[in-house]
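Here's the structure we're looking at; comments come further down.
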Protein chains: 2
Amino acid sequence: MTPLDQDAPLGRRDLRKQQTRAALTGAALRLCSARGFEHVTVDDISAEAGVSSRTFFNYFASKEDAVLGDHLVEVDAMRARLAVLLPTMGVLEAVRRAVLLVVAAMEADRDHWFLRMEIIQRSPQLLPRLVLSNAEAERATTEQIAAHLGLDPVRHGYPALVVATTSAAFRVAATRWMAAAGGLSLGALVDEAFTALAAGLPDPH
Amino acid sequence: MTPLDQDAPLGRRDLRKQQTRAALTGAALRLCSARGFEHVTVDDISAEAGVSSRTFFNYFASKEDAVLGDHLVEVDAMRARLAVLLPTMGVLEAVRRAVLLVVAAMEADRDHWFLRMEIIQRSPQLLPRLVLSNAEAERATTEQIAAHLGLDPVRHGYPALVVATTSAAFRVAATRWMAAAGGLSLGALVDEAFTALAAGLPDPH
DNA sequence: AAATAAACTTGCAGCCACTGCAAGTTTAAG
DNA sequence: CTTAAACTTGCAGTGGCTGCAAGTTTATTT
């Protein structure tokens, strides 16, 4: 009598796992927000979460991972959405709409993201790592777009260019979102950036 | 009678310093290219260069820095060029021409750059750090453009957007350059990317 | 319910990146 | 020549991270 109504096989064990995982990320975000990333040790985080430091590394490959998180779910959702949108509109417009999925996820997890970004802002070494976590996703998206256009992703630069620039545009929007401390809508900022991109980045006045 | 004809004060000491530095980067690139970044220790690099591992850290803040290098010179040159170009043309065009300085520097240091990129390709952890080394430069350029346009870089997203997207476009061009193993001109690839950017990234056919 | 297997946690020992300190050595300056 | 500054180095120590060999908890089988 295993409850499989939803999508996740929930045993007592798996439940406790994602509970421990949440405790670790929570502890990491809280402590790093208070003291700064480099003044928090893995031992501190583990102690705060009530597990051994060795167990910490059973959940996260690095201290940075605990702060930055996974985001694999959103990546998969975005790929699925892209597959639907690409045949019916231009590439840039399809990417814009697909990105709105990520926007929704971030606005839903708003509190954690503000903590994350505050920590990242004070410890710039984390920003690149955040980009890296997107790197694999970027590569996959590049191939998806190249396949749709029937282009060789190596010979043609277009797919990689679209992905890299839109990704950068998104990062800028997210940074502004945090700088405004939630006073602006992330979706609106993303839209603004994509509009400028589609217009060829003309000088404003 | 200090020889100051050029721009650098060259004493026996400074000469030996940049000699040691070159030996360290050379050793780092050679060993990492042969064995892969994570299978090379700082001790290995130091021994190959004929200094102690402690001395290594007097020259580089991290193992990654030894592989990735500085590029501060090009950054300064680019800023100066930008200051000249900005008043006489559009922002995007000015950035495009300023970037050509970096292109020239990379094509001149071609061999080292191919090694670097091969190493980075096999050890993706390095890619973020490469982005980070550009992060400070990006911030400075953003402020420069914001000042030129008379915009507040926080309230207005345009300067940051231009810098982030052009930087991404450059990265794509550099990646293709390496993939082509020098069969293509980096300058041509950069031009192609900027042209697509200025046109608003329209679908190709 | 008991026995067996699988998964999870933990301590331990150890590698390696990296740092501060206190020498010793080399080069420049007075 | 003397003094001061710069450079190198060893040493000891912190902290991130891993493999291993327990021990403990949960799932599975009979």
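What you see is a predicted model, and the numbers here were worked out from it, not measured in a lab. Letters go in sequence order (proteins before strands), and every chain restarts at 1.
- As a whole-Å value, the separation of B:Lys17 NZ from C:dA28 P is 12 Å.
- When rounded to the nearest whole Å, the span between NE2 of B:His39 and C1' of C:dC15 equals 13 Å.
- Stacking of B:Arg110 on the aromatic ring of B:Trp113 is not recorded, the 6.0 Å distance cut-off and the 45° axial limit not both being met.
- Taking atom CZ of B:Arg21 as the reference point, atom C1' of D:dC7 lies 15 Å away to the nearest angstrom.
- What separates CD of A:Gln19 from P of C:dT9 is a distance of 11 Å, to the nearest Å.
- A centroid separation of less than 6.0 Å is found between the aromatic rings of A:Phe114 and A:Trp177.
- Between B:Asp44 atom CG and C:dA17 atom C1' there is a gap of 13 Å when expressed in whole angstrom units.
- A donor and an acceptor atom, one from each side chain of B:Thr41 and B:Asp44, are located under 3.5 Å apart.
- Looking at A:Val162 and A:Thr142, their side chains never come closer than 4.5 Å, going by heavy atoms from C-beta outward.
- More than 12 heavy atoms of other residues, nucleotides or ligands sit less than 6.0 Å from atom NE2 of B:His148.
- Summarising the geometry, the separation between CG on A:Asp14 and P on D:dT26 is reported as 12 Å, rounded to the nearest angstrom.
- Atom CG in B:Leu15 sits about 15 Å away from atom C1' in C:dA28, given to the nearest Å.
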Contact letters for nucleotides 9-18 of chain D, in which S counts primed atoms plus P, OP1 and OP2 and B counts the base, heavy atoms under 4.0 Å | BBB----SBB
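- Remark: A:Glu107 CD is packed, more than 12 non-hydrogen atoms of other residues, nucleotides or ligands lying under 6.0 Å away.
- Rounded to a whole Å, the OH atom of B:Tyr59 is 16 Å from the P atom of C:dT19.
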